[in-house]
> 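Mind having a look at this structure? Questions to follow.
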Protein chains: 2
Amino acid sequence: MPVEPLSRPRIVAAAIDLIEREGADAISMRRIAADLGVGVMSLYNHVPNKAALLDAVAETVLSGIEFTDDPDADWTERVRMQARAFRQIAHHYPRCTMVVVSRQLQSPAGLLPVERALATLRSVGFDGEEAVRILRMFIAYIVGSLLREVGVTPTFAPVHHSQVDIEKVDPVLFPETRSLAAELGACDHEAEFEFGTELLIQAIAGRLARRKR
Amino acid sequence: MPVEPLSRPRIVAAAIDLIEREGADAISMRRIAADLGVGVMSLYNHVPNKAALLDAVAETVLSGIEFTDDPDADWTERVRMQARAFRQIAHHYPRCTMVVVSRQLQSPAGLLPVERALATLRSVGFDGEEAVRILRMFIAYIVGSLLREVGVTPTFAPVHHSQVDIEKVDPVLFPETRSLAAELGACDHEAEFEFGTELLIQAIAGRLARRKR
DNA sequence: AGCGTGGCACGTACGGTGTACGTCCGTCAA
DNA sequence: TTGACGGACGTACACCGTACGTGCCACGCT
């Protein structure tokens with residue numbers, strides 16, 4: 001029985017699989033090894049330590065994003081597509097999202113999207129400094145959005161409790177919060193994400209217009 | 001010698017202190033107890049478990065934000081102030097920031113800022129649904145910004161290496177990234193944050209104008 | 001005064017974790 | 001044939017969260 005030889009990619013894949021199945025807290029070298037039907041210490045022949053493994057997980061997830069960039073499309077559409085591509089992470093690997101955003105990886109895995117985004121921004125007339133600033137703002141927004149999206153599901157979503165029992169909040173201290181309970185309780189992540197993306201694009205467009213004037 | 005009696009606030013304070021001194025990874029019930037000069041299990045008389053302790057840390061840090069809201073000021077200025085208030089977290093408790101954003105707490109600690117922000121937004125003419133959307137977008141941006149700001153300091157900042165050795169990136173595959181190396185390498189977090197905040201405010205203002213028309 | 005009683009500090013113990021180190025074995029080069 | 005070497009694995013250690021039991025002390029009641 002020629003079992004697949006142990007390898008770094010196989011270990012990383014098992015780790016991702018485990019995180020998606022049982023959550024990021026459940027991950028341990030022993031569990032991964034068990035899932036692979038292998039001794040714990042064998043992992044260390046391919047991965048220096050657990051932190052590096054998690055970095056590899058983040059890198060793998062990140063590099064799995066499908067960026068389809070159409071250079072002929074309107075720049076607003078291109079920005080939209082790139083933003084949506086990032087959000088795919090939260091869809092394909094919801095439980096891994098926290099891992100991805102919480103470790104800053106210093107590998108070229110994240111460079112391709114950066115390059116694409118900078119190219120897009122510069123092609124519409126922003127200078128380098130401004131392109132970088134805008135990119136950073138976009139990334140911040142996207143990261144924050146992903147965190148909201150996956151944070152709402154801690155491990156298993158309970159039935160459906162909004163963050164606070166709305167009955168408990170004092171209507172005189174928090175009138176707005178109370179009257180907007182319905183809106184605050186529900187959250188269509190996709191609509192929310194699109195709304196913010198459009199707002200950002202409009203802001204950028206406005207800045208661009210002012211700049212060209 | 002009447003030692004201060006053990007109490008939940010004292011435990012939480014010790015936890016925050018430990019995190020700030022040694023990083024979020026270093027925290028353990030045993031270390032906290034040792035810092036307080038107390039047996040480990042004594043902690044459990046005041047805190048049900050470690051997760052609850054971390055929630056309490058998040059809540060305490062969050063409720064420590066100084067929100068000064070001037071109802072007479074321009075709404076743009078009020079939004080600015082509230083955004084900056086959040087960013088104080090990253091200044092006062094840099095190592096705790098990850099803890100704060102990574103646990104979704106279901107306590108009224110985060111309600112005050114929400115209430116203020118909603119009130120501000122509604123006072124300038126947004127309806128409830130839109131106010132909530134805008135607030136969510138702002139929070140996403142702020143959270144993402146804070147993560148960038150503190151993520152740059154993993155544990156101890158090395159000398160000063162930008163995320164990638166710029167020499168290593170291929171200039172033909174990543175021309176923009178390469179040519180903007182200087183801009184990408186340096187990051188004035190305050191300026192960056194202000195830039196994004198202003199852009200967001202402008203976007204909101206634009207939306208408001210369109211809405212009133 | 002005597003006597004519960006309940007809260008709190010604490011020790012011990014158990015199952016789990018990351019990983020340093022040593023051992024064994026299969027493969028391949030000389 | 002032999003030597004070296006890389007990879008799989010077992011053992012061991014320090015540390016983790018926390019369930020459980022024990023003892024102390026301050027209090028309210030009779």
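Basis for what follows: all heavy atoms, side chains included, without hydrogens, waters or symmetry-related copies.
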> With a 4.0 Å cut-off, would you call Arg80(B) and Glu194(B) a salt bridge?
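Looking at Glu194(B) together with Arg80(B), the answer is no, because their closest N to O distance does not fall below 4.0 Å.
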> Are Ser42(B) and dC8(C) close enough that a side-chain N or O sits under 4.0 Å from OP1 or OP2?
no
> Would you name the heavy atoms of Leu135(A) and Ala117(A) that are closest together and state the gap between them?
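Closest pair (atom of Leu135(A), atom of Ala117(A), distance): CD1-CB, 3.6 Å.
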> Give, ordered by number, those residues of residues 44-51 of chain B having at least one heavy-atom distance below 4.0 Å to an atom of DNA chain D; if nothing qualifies, reply none.
Tyr44(B), Asn49(B), Lys50(B)
> Give one of base, sugar-phosphate or nothing for Val40(A), where a contact means two heavy atoms less than 4.0 Å apart.
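Base contact.
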> What integer distance in Å separates Leu36(B):CG from dC8(C):P?
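Taking atom P of dC8(C) as the reference, CG of Leu36(B) is at 16 Å.
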> In whole angstrom, give the distance that lies between atom CE of Met41(A) and atom C1' of dT11(D).
10 Å
> Within this structure, what is the CG-to-P distance between Asp25(B) and dG18(C), rounded to whole angstrom?
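It works out to 13 Å between those atoms.
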> Could you pull out the closest heavy-atom pair between Val99(A) and Ala58(A), with the gap in Å?
O-CB, 4.2 Å
> Send over the distance from Leu43(A) CG to dT17(C) P, rounded to a whole Å.
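Roughly 13 Å, once rounded to whole Å.
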> Could you tell me how far apart Leu54(A) (CG) and dT17(C) (P) are, to the nearest whole angstrom?
14 Å
> Can you identify which nucleotide, out of dT18(D), dC9(D), dG18(C), has its nearest atom closest to the Met29(A) side chain?
dG18(C)
> Check whether the ring centres of Phe86(A) and Phe193(A) lie less than 6.0 Å apart, and answer yes or no.
no
> Quick one: closest heavy-atom pair of Ala90(B) and Thr97(B), and the distance?
CA-OG1, 3.6 Å
> Please give, in whole Å, the distance from dT17(C) P to Arg31(A) CZ?
9 Å
> Looking at Arg78(B) and Asp70(B), is any side-chain nitrogen of the basic one under 4.0 Å from a carboxylate oxygen of the acidic one?
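Not counted as a salt bridge, because no side-chain N and carboxylate O are separated by less than 4.0 Å.
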> Less than 4.0 angstrom from a charged side-chain N to a carboxylate O is my criterion; do Arg31(A) and Glu22(A) meet it?
yes
> Let's test your reading of the model: under 3.5 Å, does the base of dG16(C) pair with the side chain of Arg30(A) as donor and acceptor?
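When only heavy-atom distances are counted, Arg30(A) does not reach the base of dG16(C) through any donor-acceptor pair under 3.5 Å.
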> Starting at atom CD1 of Ile32(B), determine the distance to atom P of dT18(D), rounded to an integer number of angstrom.
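Going from Ile32(B) (CD1) to dT18(D) (P), I get 11 Å.
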> Whole angstrom is fine here: how far is it from CD1 in Ile11(A) over to P in dC9(D)?
11 Å
